[in-house]
Amino acid sequence: MILILKPNVDKESTEYHQLLHYLENFSDIEYRVHDVQGSEVRLTEVYLIGNTHELSRDYMVGLPTVDRVVLVSEAYRILGRHEDDGRPTSFEYNGLKFGQETFHVLAGLCAVDTRDHVEIMMKALRDNGQVCTRMGAYKPRTNPYSFQGHGKVCLPFVFELAGKYDIKVIAMEVTHESHVDEITEALELTGQPTGVILQIGTRNTQNFELLKAVGRQLTYPVLFKRGFGITLDESLHAAEYLASEGNRMVILALRGMKTQMGNPPRNLVDFAHVPVVKRLTRMPVCIDPSHSVGSRDRALDGLLDVMHATAQGVIAGANMVLVDFHPAPDRALVDGPQALRMNELELFLRDTTIVRDAYFDRCALIKA
Ligand code: PEP
Ligand code: MN
């Protein structure tokens, strides 16, 4: 059960304490208070766990601080959608809104290699009106002898260049909780020139201690990749770990599934799950066509396979696209074969806009 309180509730007020006193009468009910700060109002939600049918719904709705009571099913209590829910399906971060209605492209380097490549990438993004990117500093690699990413060493120049080219948000994978502190230190050192969305990679989907640690911090949103070899339900439960620790600024990313079917693509494209995740949860949904397709192969119609996969997700209502680009894919240290070239950026963005517009046309058609 969730109590949604009136906006900007005063936690010092007797009315608020009246609610807490009521809840404290029930020894087998635990409650957790979560605040969501929007640009105009602060929303407070009280999550009740335990034998909640002992509680009087009528009494609670009658309290001056309570706006409404939402009954939740067991699954995905915080991030899920529940009957008569009405809780937000978006959040704001560093001046940008991320939600089930918004759309952002995060094109960038799979892995940061040289300062020059980062600068070429960010300048191209700025020149194409983009304010988000992806930049991997900590890379989870299959082979322990492969390049593991430059780690904290590259963060200062990545953040400085983001500031120089007006990039507001960088998606950056973390594979250990200490990476979050390193990111915070580097942002402080460089004067907070940009924002970061912490990425949890598919290999860490069920690294529950990492999820708890990242969920406890409320500074950065989280881009959470589905597990490539587990069910959707298992991935959504894993995402809920983040929210259960307090951070509900969570975006779910689809990135293809490992199957027995063989290549290509590198991972079976799973973007039919875009509308499913939006229906089951309040999370914005991101698609990663690069790690799904895994190549720069071109279809007979002239479009790249990555563009076709992107279109499949965007036509289904995806809210974000995470896509690998590189100024010199042949020299990229990670995932060069799937990175698009800089001269394909404008084309990629235009194609994506065509498909996003077509998605709106489809929505209008079904409403008419
Ligand atoms: C990535 O986005 O760089 C990455 C490693 O993705 P995934 O975790 O989906 O393989
Ligand atoms: Mn990669």
Side-chain angles (χ1 to χ4, degrees), residues 1-38 41-93 98-99 177 180 198 200 206-222 224 233-252 280-284:
M1 189 179 273
I2 305 170
L3 307 180
I4 316 269
L5 305 192
K6 303 243 166 83
N8 297 323
V9 69
D10 176 3
K11 301 245 180 90
E12 304 299 321
S13 65
T14 40
E15 289 83 0
Y16 179 71
H17 283 278
Q18 189 185 356
L19 169 65
L20 298 191
H21 287 319
Y22 174 69
L23 297 175
E24 276 153 16
N25 286 324
F26 302 90
S27 56
D28 51 357
I29 290 176
E30 238 185 87
Y31 66 84
R32 283 195 197 178
V33 180
H34 288 272
D35 288 316
V36 191
Q37 185 65 55
V41 293
R42 175 175 44 81
L43 287 177
T44 301
E45 295 166 2
V46 183
Y47 286 80
L48 303 171
I49 301 158
N51 194 13
T52 51
H53 54 252
E54 287 180 0
L55 295 165
S56 161
R57 211 177 154 167
D58 290 343
Y59 175 77
M60 292 189 295
V61 174
L63 291 174
T65 46
V66 177
D67 186 40
R68 59 192 196 283
V69 177
V70 176
L71 293 176
V72 298
S73 47
E74 278 304 302
Y76 340 129
R77 286 169 199 239
I78 300 174
L79 294 176
R81 279 178 183 270
H82 306 290
E83 221 176 299
D84 301 323
D85 192 330
R87 290 175 300 157
T89 55
S90 64
F91 60 84
E92 278 156 49
Y93 174 64
F98 296 92
E177 58 181 287
V180 183
L198 304 174
I200 300 285
Q206 288 185 309
N207 182 343
F208 299 121
E209 296 309 318
L210 176 65
L211 296 178
K212 286 188 214 165
V214 170
R216 278 193 292 272
Q217 63 75 37
L218 304 179
T219 309
Y220 310 105
V222 186
F224 176 83
D233 179 58
E234 286 163 336
S235 288
L236 297 180
H237 277 294
E240 182 76 10
Y241 265 90
L242 295 158
S244 75
E245 294 293 325
N247 192 333
R248 74 195 52 188
M249 297 185 290
V250 185
I251 299 158
L252 188 104
L280 293 175
T281 78
R282 302 183 290 132
M283 287 184 275

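Since the structure is predicted, the reported quantities are computational estimates derived from the model, not experimental observations.
Separation of atoms OG (Ser244) and CZ (Arg32) is listed at 5.5 Å; rounding is to 0.5 Å. We find the CG-CD distance between Leu211 and Glu245 to be 9.5 Å, quoted to the nearest 0.5 Å. Separation of atoms CD (Glu12) and OG1 (Thr14) is listed at 11.0 Å; rounding is to 0.5 Å. Here the CD atom belonging to Glu54 is positioned 11.5 Å from the CG atom belonging to Leu48, to the nearest 0.5 angstrom. For the atom pair Leu242 CG and Arg216 CZ, the distance stands at 11.0 Å (nearest 0.5 Å). With values rounded to the nearest 0.5 angstrom, Met283 atom CE is found 5.0 Å from Leu252 atom CG.
With hydrogens and angles left out, the side-chain atoms of Asp233 and Tyr76 include a donor and acceptor closer than 3.5 Å.
Side-chain atoms of His17 come within 3.5 Å of backbone N or O of Lys11 as a donor-acceptor pair. Between the side chain of Arg81 and the backbone N or O of Leu280 there is no donor-acceptor pair closer than 3.5 Å. Looking at Asn8, its side chain does come within 3.5 Å of a backbone N or O of Arg42 through a donor-acceptor pair.
When side chains are defined from C-beta on, Pro221 counts as touching Phe91, because their heavy atoms get closer than 4.5 Å. Proximity of Arg68 to Ile2: side-chain heavy atoms (C-beta onward) are nowhere separated by under 4.5 Å. Using a 4.5 Å heavy-atom cutoff, the side chains of Tyr241 and Leu210 are not in contact. Contact of the Met1 side chain with the Ile29 side chain is not registered, since no non-hydrogen atoms from C-beta on lie closer than 4.5 Å.
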After noting the C-alpha distance and the side-chain angles of Glu240 and Val250, does the key distance pass the side-chain contact (heavy atoms from CB on, under 4.5 Å) rule? CA-CA 9 Å; Glu240 182 76 10; Val250 185; over 6 Å; no

side-chain contact (heavy atoms from CB on, under 4.5 Å) between His82 and Leu71, intermediate numbers included: CA-CA 7 Å; His82 306 290; Leu71 293 176; over 6 Å; no

Could you walk me through whether Glu234 and His237 satisfy the side-chain contact (heavy atoms from CB on, under 4.5 Å) test, starting with their C-alpha distance in whole Å, then the side-chain angles of each, then the deciding distance to 0.1 Å, before giving a yes or no? CA-CA 5 Å; Glu234 286 163 336; His237 277 294; 5.8 Å; no

With side-chain contact (heavy atoms from CB on, under 4.5 Å) as the criterion, how do Tyr31 and Leu19 come out once you've worked through the C-alpha distance, each side chain's angles and the decisive distance to 0.1 Å? CA-CA 11 Å; Tyr31 66 84; Leu19 169 65; over 6 Å; no

Result block: side-chain N/O donor-acceptor pairs under 3.5 angstrom for residues 55-66, not counting sequence neighbours:
from: Ser56; atom 1: OG; to: Tyr59; atom 2: N; distance (Å): 2.9
from: Arg57; atom 1: NH2; to: Val69; atom 2: O; distance (Å): 3.3

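Contact between Asp10 and Tyr16 at its shortest, heavy atoms only, is O-CB, 3.4 Å. Residues Tyr93 and Thr219 come closest through the heavy atom pair CE1-O, 3.5 Å. Taking every heavy atom of both residues into account, Ser90 and Gly99 meet most closely at CB-CA, 3.5 Å. Of all non-hydrogen atoms in Leu79 and Ala243, the two that sit nearest each other are CG-CB, 3.6 Å. The two residues Gln217 and Leu198 have their closest heavy-atom pair at NE2-CD1, 3.6 Å.
Gln18 CD: more than 12 foreign heavy atoms inside a 6.0 Å radius.
In this pair, Tyr22 and Phe26 present their aromatic rings perpendicular. The plane angle is above 60°, beyond the 30 to 60° band.
Residues forming a side chain to side chain donor-acceptor pair (under 3.5 Å) with Tyr47 (at least two apart in sequence, or on another chain): Glu45, Arg87.
Of the candidates Val33, Val46, Asp35, Leu5 forms a side-chain contact (heavy atoms from CB on, under 4.5 Å) with just one, namely Val46.
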